**Student:** 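Below are the C-alpha cells for one structure; questions will follow.
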Protein chains: 2
Amino acid sequence: MGRTRAFDRDVALERALEEFWRQGYEATSVAGLTAAMGINPPSLYAAYGDKRRLFGEAVRRYQETHGAFAARALAGEPTARAAVGRLLREAAEVYTDPAHPPGCMIISAGVNTTDPGVIGELREHREAGKAAIRRRVERDVETGLLPPETDAGALATFFASVIQGMSTQARDGAAREDLHAVATLAMRAWP
Amino acid sequence: MGRTRAFDRDVALERALEEFWRQGYEATSVAGLTAAMGINPPSLYAAYGDKRRLFGEAVRRYQETHGAFAARALAGEPTARAAVGRLLREAAEVYTDPAHPPGCMIISAGVNTTDPGVIGELREHREAGKAAIRRRVERDVETGLLPPETDAGALATFFASVIQGMSTQARDGAAREDLHAVATLAMRAWP
DNA sequence: TCCTTTCTTTAGTGCCCGCTACAAAATAAC
DNA sequence: GTTATTTTGTAGCGGGCACTAAAGAAAGGA
C-alpha cells in the first residue's frame with residue numbers, strides 16, 4: 001500500500017548511468033543526476049540509497065547491457081584469436097556509438113576519483129576483463145591451437161592496454177574507422 | 001624592492017605538478033595544493049595567479065621534464081621503427097618509476113574534468129604527440145625505409161592507443177616488466 | 001469515507017570548494 | 001632610521017557540494 005512511484009526506476013537508472021559514463025563519479029553531482037533523471041533528491045535517496053550506491057547500480061547495469069559484448073565475444077568464437085578479434089572490432093563499434101557517451105565507463109568513470117571504493121571497484125572489473133582474455137588464450141594453448149610457449153598473460157595485458165587506449169581515443173573524438181584500424185594492427189601481435 | 005619570497009617557486013611548482021599528476025585537475029583542491037607546496041593560499045595566488053594557471057604551468061613543466069623523453073626518442077633514432085620502439089620502452093620505464101606518480105599526466109589529469117579549457121589543453125598535447133609519431137613514420141616512407149603503402153596515420157593512432165593503455169595499466173598497478181611486454185607485442189604491428 | 005503508508009516537493013542543513021580582505025612582518029631604497 | 005613595497009599568516013567570503021527534515025499529495029485497505 002502507499003503512494004506509487006511516479007518515475008520508472010530503470011529508466012532513471014539509465015539516465016544516471018549515462019551521466020556517470022560521460023563525467024565520471026566525482027564530477028557528477030547529485031544536482032546533475034536529479035536533473036538528468038527528472039526527479040528530486042529525496043526520490044533519488046529513497047530509491048537508490050545515496051550517490052555511491054547509485055553508482056554501484058549503474059556499474060552493474062553497464063556490465064549487463066553496454067559492456068556485455070566483451071563476455072559474449074570471448075565466449076562465442078571457436079578460437080581465442082577470433083574471440084579477441086571480435087572483441088576489438090565490437091569495442092570500436094560500441095566506443096564510438098553516437099547513441100551514448102564515447103569510450104568505456106569501466107575504464108574512465110573512476111579516473112581522478114578520491115573515493116578508494118570507487119577506484120577499487122572499477123579496477124577489479126578491469127582486472128577481471130584482462131583475466132578473462134588470459135583464460136581464453138590459455139584454453140587455446142591447452143588444446144594445441146596456440147603454441148605452448150605462448151605468453152597468455154602478456155597477450156592479455158597487451159589487448160587490455162589496446163582496448164583501454166581505444167577508449168581514450170574515442171573520448172578524444174576518434175572516428176570509428178580509426179579504432180577499427182587500431183584493432184586490425186593490434187591483431188598482428190598474435191604468434 | 002619589498003619582502004623577498006620565502007619559498008622556492010620551482011620546488012613548489014614541482015610539488016603542485018605531482019598533486020595534479022596523481023589526482024587530476026578537478027580532484028586536486030587548493031587546500032591540498034597549498035599543503036603539498038608548504039605555503040598558504042595567498043602566496044599561491046600571488047605567485048601563480050589561480051588554480052587554473054598553476055595547472056597550466058605544471059603541464060608545461062611536465063612536458064619539459066618528465067614528458068620530454070617522447071620527443072627525444074622520436075628525434076634521436078635513425079629509423080621510425082627504432083624511434084617508436086625506444087618511445088614505448090621508455091614509456092614503460094617512466095610510467096612505472098616509483099619516484100613519482102604512475103602513468104602519464106597528459107593522459108590522465110584531464111579525465112572527468114568539467115573545465116573545457118583543461119580538457120582541450122591536454123587533448124591538444126595528446127594529438128600533438130600522435131601527430132609527431134605520424135610525421136616520423138611518414139619521413140621513413142618518403143625515404144624508402146618503409147613501403148609506400150604504409151598507413152602512417154593508422155600506425156600513429158595505434159601506438160598512441162598503446163601508450164595511453166600503458167598509462168592506464170600503470171595507474172592500475174602494472175609492473176614495469178608487464179609494460180615492457182606490452183611494448184614488445186605492440187612492435188609486431190610494423191609492416 | 002477515513003486511516004495508513006509511501007512518495008512527492010520545498011526548503012533547507014553543515015561542509016568544503018576556490019578565492020581574497022586585511023594587517024602584521026620583512027626587505028630594499030634612500 | 002624612515003619609508004615604500006611586497007610577502008606573509010589569519011580568518012573568512014559567497015557558492016556549490018551531498019544529503020535530509022517536514023509537510024503535503026496520492027495511493028491501498030477498512
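Sequence lines set the chain letters: A, B, ... in the order given, protein chains first and strands last, and positions in each chain run from 1. Heavy-atom basis, side chains included; hydrogens, waters and symmetry copies ignored. All figures in this text were calculated on a predicted structure; none of them were measured in a lab.
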**Student:** Just N and O in the side chain of A/Tyr45: are any of them under 4.0 Å from OP1 or OP2 of D/dT20?
**Tutor:** no
**Student:** Between C1' on C/dC16 and CG on A/Asp115, what's the gap in Å once rounded to a whole number?
**Tutor:** 16 Å
**Student:** Rounded to whole Å, please give me the gap between CZ in A/Phe55 and C1' in D/dC17.
**Tutor:** 18 Å
**Student:** Quick one: is D/dT8 close enough that its OP1 or OP2 comes under 4.0 Å of any side-chain N or O from B/Ser43?
**Tutor:**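 Yes, because at least one side-chain N or O of B/Ser43 sits under 4.0 Å from OP1 or OP2 of D/dT8.
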**Student:** Without hydrogens or angle criteria, can the side chains of A/Gln23 and B/Thr114 be said to hold a donor-acceptor pair below 3.5 Å?
**Tutor:** no
**Student:** Could you tell me how the ring of A/Phe69 sits relative to the ring of A/Tyr95: parallel (under 30°), tilted (30 to 60°) or perpendicular (over 60°)?
**Tutor:**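 The arrangement is perpendicular - the two ring planes meet at more than 60°.
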**Student:** Give each protein N/O atom lying under 3.5 Å from an N/O atom of nucleotides 28-30 of chain D, with the pair distance.
**Tutor:**
none

**Student:** Relative to the ring of A/Phe20, is the ring of A/Phe55 parallel (under 30°), tilted (30 to 60°) or perpendicular (over 60°)?
**Tutor:**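 Plane angle over 60°, so perpendicular.
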**Student:** Out of C/dT20, D/dC19, C/dC17, which nucleotide sits closest to the side chain of B/Ala31?
**Tutor:**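 Selected nucleotide: C/dC17.
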**Student:** Rounded to the nearest Å, what distance is computed from the CZ atom of residue A/Arg53 to the C1' atom of nucleotide D/dA18?
**Tutor:** 13 Å
**Student:** Once hydrogens and angles are ignored, does a donor-acceptor distance under 3.5 Å link the base of D/dT7 to the side chain of B/Arg3?
**Tutor:** yes
**Student:** Answer yes if the ring centres of A/Trp190 and A/Phe159 are under 6.0 angstrom apart, and no otherwise.
**Tutor:**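 Yes, ring centres under 6.0 Å apart.
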**Student:** Do A/His100 and A/Glu18 meet the criterion of a side-chain donor-acceptor pair at a distance under 3.5 Å?
**Tutor:**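 The criterion, which ignores hydrogens and geometry beyond distance, is not satisfied for A/Glu18 and A/His100.
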**Student:** Side chain of A/Ala6: nearest nucleotide among C/dG18, C/dT8, D/dC19?
**Tutor:** C/dT8
**Student:** Just how far, in rounded Å, is C1' of D/dG16 from CG of A/Leu33?
**Tutor:** 15 Å
**Student:** Does A/Thr34 reach a base, just sugar-phosphate, or nothing at all? Heavy atoms under 4.0 Å.
**Tutor:**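 No contact.
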**Student:** Counting just side-chain N and O atoms, does A/Asn40 come under 4.0 Å of either OP1 or OP2 of C/dT8?
**Tutor:**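 No.
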**Student:** Among C/dC19, D/dC19, C/dT9, find the nucleotide with the atom closest to the side chain of A/Pro42.
**Tutor:** C/dT9
**Student:** Whole angstroms only, please: what is the CZ-P distance between A/Arg52 and D/dC19?
**Tutor:** 11 Å
**Student:** For A/Ser29 and B/Ile39, take the nucleotide of DNA chain D holding the closest heavy atom to each; which residue's nucleotide lies nearer the 5' end?
**Tutor:** B/Ile39
**Student:** Please give, in whole Å, the distance from C/dG18 C1' to B/Lys51 NZ?
**Tutor:** 8 Å
**Student:** Please determine whether a side-chain nitrogen of the Lys or Arg among B/Glu93 and B/Arg89 lies less than 4.0 Å from a carboxylate oxygen of the Asp or Glu.
**Tutor:** no
**Student:** Could you tell me whether B/Lys130 and B/Glu127 have a side-chain N and a carboxylate O separated by less than 4.0 Å?
**Tutor:**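 B/Glu127 and B/Lys130: salt-bridged.
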